[in-house]
Every structure is written in structure tokens, then in C-alpha cells.
Amino acid sequence: MSSWIVTNLWLIPAVPLGASFIILSLVNSRRRTAAALAIIGQIVAFVFAITAFLPTLYLPGFRAIHNFTWFTFGDQALRIGWMLDPLAAAMMVMITLVGLCIFVFSVGYMADDKNFSRFFSYLSFFSGAMLGVVIANSLLLLFVSWELVGLASYLLIGFWIERPSAAAAARKAFITTRIGDLGFFLGMLWLYHNSGTLLFYDQGRGCLENAGLLAIGASATFIALLIFCGAVGKSGQFPLHVWLPDAMEGPTPVSALIHAATMVAAGVFLVARVYPLFSLGAVNGVTPSLTVVVSVGVVTALMASLIALAQFDIKRILAYSTVSQLGLMMVSLGVGGVAAGIMHLIAHGFFKALLFLGAGSVIHGLHHEQDIRKMGGLRWIMPVTFLTYAIGMMNLSGVPFFFSGGWTKEEILHSTAHWRVSPLPHYLMLAGVILTALYMTRQIIYVFLGSARNTDFQSVRPAESHSAEAATTTENISVVRTDQRPVFHAHESPRVMTMPLIVLALCSILFAFVLTPAWPWFHAYLNGEPARVDFTLLIQPMLFFSLALVAGGIGLGWLIYRRIPDPLARARPGLFRFLENKMWVDEFYEQTVITFSRILARLADWLDRYFWDGLVRLFAGIGQALGVLSKGFDDHGINAGVDETMSGTRGFGRLIAAAHSGQIQTYLGAIAIGMLLLLVLYAWLG
């Protein structure tokens, strides 16, 4: 069975991709068929992913590859392939399961959208492209799938293309990530030039095996950093993080898919996959490229956490939390905690999808309102959403014991504490833990606690509604008016939207049981080691210190934000405005990079219109003048001379022809004259 699934591993991304193309061929009215095809395709991919996951459980360090020749050019053969190992298997299970929950949620969330079928086609395409990234045993195949992920994100972020903001966000995401991908592409070319292969593993000849790494040699640092550029773009790391918050212009299920299971996970996965390249020549686990990874991760994590404190869009807060958590994962990879980083990536996939879908449920229940200042008091109106959202918040904040996010964050902090270069990243990540708990507590208070702050919404408890359906209907608008404005009833989302929330909440809790220090099964699984049970490891000073930090962050958030409006805006308006405007990074880019690009574009346009076009016109004029001159010389010189020569020849011919009259006496006379002339000449010469 294991050999069959390795050979046919391509089926896992192929099924959602095939479903995507089939849905695109359907007419837009076949909404149920489109949703069914997408969900069935994801279920089949999930079953195949589980089938692929099972063989990796039996043998520690399991790795199986299937390589083949794609095409040949001259005497060179370009080979690609796919690979099954614990990293790929765990990622496939997470992507397909989280994607399935998002697909089901989308049935309710996008029910009234006119492009319902096209949306599910794009979702399936996105899932298939990411699965292609995960199974690749070739950097080329990974890069092709990587670019398909970028295309899918462009299509989904700009799904509501009629909105100028959505179109601009899609362009921004596509162009920004292309900047990183350019570095990735150059690194791939350099790697191929040095190693002669793009296969990761190939019976000892792959670029991540000893022979390939020896061939790469001293170039490893530069190649690794170029490849890391692609990860920076896809995973929204500083300075290419600016596209990720704007990606919230897409539908909320898109935000969940991008931030949890697909696009942003690709960058962290890429660094983990080519980690032997980053760690080549390491001294005490440190290389220049890994140090850069740590530095970028620390800056990104702290910057995004601070910005999240001053955001009021419910989705943007979560977007900046994703940027921060991805920075934390990069720090873990950089300090050598590869397993810890991947553990957090998998756990983050579950609870971040839960949070985004929970935010989508709130937005749906409040009739597309996203400003948290206009929310409040929803814990009774949307009890399922509140409970599941609170579980996601506990995971993201890093509460241990029953929440997977707490254990994985603890593992990362443990890794940073043992980094030999500097203790600074460890202390800064501890500050990040407090900030995360702080801004998530702020969001919970704004959205679910207190009372409603928007007079356009009436927070009615389900028990107070006129019928059982009043709390769950998707169209519950009262006729009561206040100041001539309609008053909307907030309501819980339908079951098709709440069931995925429950599943994801359960997954984020159950996953915690294989992450505990007492039985670190998943950590051992990723490292190819046997797991040992040791309950004494639950009693660690670092664990209780982290718990104290989380509790302090949540408590501080409760003390600060239980009163509205935001006290930070009152106490430090300048600082708050600085954070609210995203530290003016976008404005800085607008005034520097974009302005410079516009100047270059205008210069290029001017050169094209006036300089190069002028040169073309000048040479065209010279050519035309030479043509006129050549034509005049030809007409009045060469042609005239030839014509006159021909006329003379013709006249001489006529003269000769006239002399040949055929009369004998004329010929005898001519002979006589000729002889007479000869005699005269002879006499003169003699």
C-alpha cells in the first residue's frame, strides 16, 4: 500500500485541481453541483492524505521518493518527482482537513453571491496548488506549484473585482510576492548551476544530500538567502509583509485559507524543506543565512503584534496576528527548532482557520459589519461562535495544557532560549507572547463582551426572540427604525457555518495531546525519533513562566480595554495613530519605492516617446532621404546613361543596317574606297 501511494502521490493535488477545472466548465446556475464537486474533491484528497500519512507512522524517519524524467534537451535530462516524509504527510493532512472545513463554511457564507460556482472553483485550485508544493521532491516542481499558489491568491483576493479596493489588494499581493519570487528563481538557477540537479533527494545525488551540498559549497549562504526571499514574500515577512493585511479584501473563507492552510504556510514550509541548505557549514547550529532568518522573524513578529493593538477591523487584527505568528515560526527555524516551527505551523493552521471563520460568522451575523467598535454583547447572541472563537483565542495567546497553540509556542520559546548567538530573540519573543494575549483580549472584549455599541444593531438574546428561527436565520432584519435607520438583529450563523467551527475547535484541542512535553509524540514523529512518556517534564520553570506571561497579558488586556473607547488612543494618540497607520510602512514605500518606480516609468515613457521614438524617426528620415537620393541618382544618372547608351547603340545599329542594302555596286564602291585608303596609308607610311 505504501509503494502504491508514493507512486500515485500526485493524485492528492490532482483531485482538487481536476474538480476546479470541472466546476469552471459548469454554468453559473449549477451552484449545488459546484459546491458538491469542490467538497467531494477535498474529501477524496483528505482520504488520500490519510492513506499517505499512515505509512510514515510505522518507520521512524520514513522517506520515500518517486522521480522520473520530465523532458530532455540535448544530452541533459530534467527530472522531477514527489516525496513522502513526515513533514509532507502532516502538512497534507492539515491542508486537506482545514480546507474541507473552509469549503463547508463557504457554502453558507457565500450562499447569496452571484459567482458562487466560480468561487468554489478557485478554492479547489488553491488547495490543489498548495498540495503540489508540499509533495514536491524537486525545487522546480515546487516552484511551479508555488506560482500557481500565487495565481490562486490573486484570483481569490480580487474575487469581488467590482470593488476597487479588492482589485488593488489583488495586484498588491501579486506584485509584492513576485518580488520575493524573483529572488527565489535566481537562487534556484544558482543551485542548479552548482549542483547540476533540482531534485531534493535522488539516491545520494540530490541537492540536499551530501554530494549536492558539497557541490554547492561556499555558495550555500547566498543561494539560501535568495530562496529565503521567496519565503519572505509568501509568508508576509518584513519588508514584504504589506500585502497580507490588504488581502482581507477577499471573502472571509479566502482569508482563512490563505492564513491557515495554504499561501502563508508555503514560506515556512519552504525553509523547513531546504533546511539542510540553510544549515550547511553551521558552527554550533549557526550560519549567516539562519541568523538572517532569525532577525527577519523577530522584527516581523514584534512589529505585527504592535500594529494589531491599534486595528479596528476584525479581520485585519487576525491578519497581523498571522504575520506575527509566521515571524515566530521563522525565528524557531532560524535557531534550529525546525520541529517546533512545523508543530506551530500545523497547530496554527487549525486555530487560525477557526479564528477567521469565527470572524466570518460574526461578520455574517452582523450583516457584513467588520468594525469591532460597532460590535459588542455577542456572547449571548452567537454562543457557538463565541465559544469556538474563545478557544481559538486561547490557542493564539499561548495558553498551554488543553490548547495546542500553547504547547507549540512553549516549544519555540524553549528553542530560542538555547540559541547560542544571543538571548535577545528569546526575550523579544516573550514580549511577543504578552502582546498577543493583549490584542486578542482586546478583540474579545470589543466583539463579544459588554453591550452593543452600534445603534443600527439590536443585540437580542435567543431566548428573547419571537421564534427559535430568529436566532439562526440568515435574513433577520426588523422593521423597527431608530432615527429613520433600520435596526438589524444580530444572529447566530446557520449550522453549515457553525459545524466547521466546532470541528476546528476540537482539532485544536485534541492536537494538544500529542504535543505535550509529557508525551511529545508529534515532535518525535517529525524528527524520526521514538516518543517517550515522562510526566515530570510538565513541571518546568519555563512552562509556568510562559503561563504567567499569558495570564498577565490577558489580565492586562482586561484591565485596559474593559472601558471603551480604546484607552491607548487617549493616553498616547501619536503612538496610537502611528500603529493604526501600520507604522506608515505603506506610506514609506509610496514615497520611496513606488515614487521611484513611477519616476522610472515616466522616464521610460519619455525615452520611449521622444528619445527612442525620435531616434527611430531620425533613422527613418535618413533612410527616406537616402532612398530619394538613390532614386534620383538611379532615375537621372544610371537609368539615363543606360537609356542614352541604348539609344546610341540602336542608332548605330540602324546605320549599319542601312549600309547593308544588298546592292552589289554599293559593296564594290565601298571596297574600292577602302583599297584607296590603304594605298594612301601605305604611301604615307613609306
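When side chains are defined from C-beta on, Q311 counts as touching K582, because their heavy atoms get closer than 4.5 Å. Between D586 and K172 the shortest side-chain heavy-atom distance falls below 4.5 Å. Put simply, the side chain of F356 does not reach to within 4.5 Å of the side chain of I102, judged on heavy atoms. Side chains of L84 and I135 form no contact here, defined as non-hydrogen atoms less than 4.5 Å apart. The shortest distance between side-chain heavy atoms of L547 and P400 falls below 4.5 Å. Put simply, the side chain of L131 reaches to within 4.5 Å of the side chain of P16, judged on heavy atoms. Annotation: side chain of E590 is not in contact with side chain of W584 (no heavy-atom distance under 4.5 Å). The side-chain heavy atoms of H259 and S321, taken from C-beta on, include no pair separated by under 4.5 Å.
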Between L504 and V98, does a side chain to side chain contact (heavy atoms under 4.5 Å, CB included) hold up when you go through it step by step? CA-CA 7 Å; L504 289 170; V98 171; 4.3 Å; yes
Where do V254 and I258 land on the side chain to side chain contact (heavy atoms under 4.5 Å, CB included) test, with the steps shown first? CA-CA 6 Å; V254 174; I258 288 176; 3.7 Å; yes
Test M329 against L333 for side chain to side chain contact (heavy atoms under 4.5 Å, CB included), laying out the working first. CA-CA 6 Å; M329 296 174 207; L333 295 174; 5.6 Å; no
Please evaluate residues F545 and L430 with respect to the criterion side chain to side chain contact (heavy atoms under 4.5 Å, CB included), reporting the C-alpha separation (whole Å), side-chain torsions for both, the decisive distance (0.1 Å), and the verdict. CA-CA 10 Å; F545 182 62; L430 290 177; 3.6 Å; yes
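Looking only at distances, no side-chain donor or acceptor of S324 sits under 3.5 Å from a matching main-chain atom of A304. Remark: the backbone N or O of V232 is not paired with any side-chain donor or acceptor of S235 at under 3.5 angstrom. At distances below 3.5 Å, not a single donor-acceptor pair connects side-chain atoms of D246 with backbone N or O atoms of A169. Judged purely by atom type and a 3.5 angstrom limit, S195 has no side-chain atom pairing as donor or acceptor with the backbone of A215. At least one donor-acceptor pair under 3.5 Å links the side chain of H426 to the backbone N or O of L413. Using modelled atom types, no side-chain atom of D85 and backbone atom of R63 make a donor-acceptor pair closer than 3.5 Å. Between the side chain of T408 and the backbone N or O of M343 there is no donor-acceptor pair closer than 3.5 Å. In this structure a side-chain-to-backbone donor-acceptor pair under 3.5 Å is missing from S138 to L199. A donor-acceptor pair under 3.5 Å is absent between the side-chain atoms of T56 and the main chain of F62, judged by distance alone. Judged by distance alone, the side chain of K409 and the main-chain N or O of L396 form a donor-acceptor pair under 3.5 Å.
Each of V335, V283, N284 was scored for a side chain to side chain contact (heavy atoms under 4.5 Å, CB included) with R420, with one residue passing: N284. Partner of R79 under the side chain to side chain donor-acceptor pair (under 3.5 Å) criterion, out of N137, T197, D202: D202 alone.
Across all their heavy atoms, Y201 and P276 have their closest contact at OH-CG, 4.4 Å. Residue V271 comes nearest to A231 through the heavy atom pair CG2-CB, 3.8 Å, listed as atom of the first residue, atom of the second, then distance. In plain terms, the two heavy atoms of W190 and L226 that are nearest each other are CE3-CD1, 3.7 Å. The two residues F511 and L515 make their nearest non-hydrogen contact at O-CG, 3.3 Å. Across all their heavy atoms, T322 and V264 have their closest contact at CG2-CG2, 4.2 Å. Scanning both residues, V274 and L208, for their nearest heavy atoms gives CA-CD1, 4.0 Å.
Atom CZ of F588 has 12 or fewer heavy atoms from other residues, nucleotides or ligands within 6.0 Å. Enclosure of atom CZ in F185 is not indicated, since only 12 or fewer non-hydrogen atoms of other residues, nucleotides or ligands lie within 6.0 angstrom. For F401, the CZ atom sits in a packed shell: over 12 heavy atoms of surrounding residues, nucleotides or ligands are nearer than 6.0 Å. Under a cut-off of 6.0 angstrom, the local environment of CZ in F222 is sparse, with at most 12 non-hydrogen atoms contributed by other residues, nucleotides or ligands.
Remark: L142 CG to E147 CD distance equals 10.5 Å, nearest 0.5 Å. Here the CG-OG distance, from L354 to S508, works out to 6.0 Å after rounding to the nearest 0.5 Å. For the atom pair H66 NE2 and N8 CG, the distance stands at 8.0 Å (nearest 0.5 Å). Expressed to the nearest 0.5 Å, how far CZ of F269 lies from CE of M91 amounts to 6.0 Å. Between atom CH2 of residue W146 and atom CG of residue L140 there is a gap of 14.0 Å, rounded to the nearest 0.5 Å. In this structure, CZ on F402 lies 9.5 Å from CH2 on W407, to the nearest 0.5 angstrom.
Note on ring orientation: taking the six-membered ring where Trp is involved, the planes of W521 and Y525 are parallel (angle under 30°, cut-offs 30° and 60°). Classified by interplanar angle (parallel below 30°, tilted 30° to 60°, perpendicular above 60°), the ring pair F143/F184 is perpendicular. Using bins of under 30°, 30° to 60° and over 60° for the plane-to-plane angle, the ring pair F228/F278 lands in the perpendicular bin.
In this structure, R316 is not positioned above the aromatic face of Y320 in the sense of NZ or CZ being under 6.0 Å from the six-membered ring centre and within 45° of the axis.
There is no side-chain donor-acceptor pair under 3.5 Å between Y154 and T177. For the residue pair S415 / S332, no side-chain donor-acceptor distance below 3.5 Å is found, with atom types taken as modelled. Defined by atom type and a distance below 3.5 Å, a donor-acceptor pair is missing between the side-chain atoms of S153 and K234. Residues E411 and H344 have side chains that never bring a donor and an acceptor to within less than 3.5 angstrom of each other.
Here W82 and F200 keep their ring centres 6.0 angstrom or further from each other.
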